[in-house]
Amino acid sequence: DSDDDEHDEL
Amino acid sequence: MNVFRLTGDLSHLAAIIILLLKIWKSRSCAGISGKSQILFAVVFTTRYLDLLTSFISLYNTSMKLIYIGCAYATVYLIYMKFRATYDGNHDSFRVEFLVVPVGGLAVLINHNFSLMEILWTFSIYLESVAILPQLFMISKTGEAETITTHYLFCLGLYRALYLLNWIWRYYFEGFLDMIAILAGLVQTILYCDFFYLYVTKVLKGKKLSLPA
């Protein structure tokens, strides 16, 4: 699980 | 990207465009809560700050820009261009009762204690309750125009479809974002009463009016 706080949802 | 997320996004887009067209074509924002629309503009602004820091896809960037642009256009139409038709007396929900607790909750419960992440969390929590001024306004006036109910239906459907998207992503990608899921659940539940009225009245050709 990457913890790069990227949110790909809208 | 799965079918639930795509249809959810398109339903969200349809809601936003239905509302803009309704106001533009009728030259009136009667029955629309300006406060809910301001909250949605705040939601998009605080959530999509990552437009400035990271690129995910052309789809992602363009949808974000469209959502933000339409949100501000809607606020402009309500408070500037068609201000004379804005029904401020019935739009009396106290938004500070939403914004302040939601801000506190975002600071307390988040994935990561950084400014961007807290603002993202704030936007997720705020979105879940941002429709309340609009629903409050309808309960106060006791009725809604049919086109307004189509807007609300698409807007409610979007988060319900996102719930299916998260179930899908959990099973097939092992993806689990409890903040988004719980807030999305709250958001969808708030529409349930309205969904019932929409199916039993509006889809049968009747105007949505509440018993006095």
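Chain A is the first sequence line, chain B the second, and so forth, proteins listed ahead of strands; every chain is numbered from 1.
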Got B:F44 and A:L10 here, is their nearest side-chain heavy-atom distance under 4.5 Å? no
Side chains of A:H7 and B:I124, heavy atoms from C-beta outward: is any pair under 4.5 Å? no
Using modelled atom types and a 3.5 Å cut-off, is there a donor and acceptor pairing between side-chain atoms of A:D8 and backbone atoms of B:I56? no
Would you say [atom1] of [X] has more than 12 non-hydrogen atoms from neighbouring residues, nucleotides or ligands within 6.0 angstrom?
X	atom1	value
B:Y170	OH	no
B:F55	CZ	yes
B:R27	CZ	yes

Salt bridge (charged side-chain N to carboxylate O under 4.0 Å, His left out) with A:E9: of B:R47, B:K64, B:R169, B:R5, only one passes, and it is B:R169
Given that the side chain runs from C-beta out, which part of B:D50 has a heavy atom under 4.5 Å from chain A: side chain, backbone, both or neither? side chain
Proximity breakdown for B:Y67 and chain A, heavy-atom pairs closer than 4.5 Å: side chain
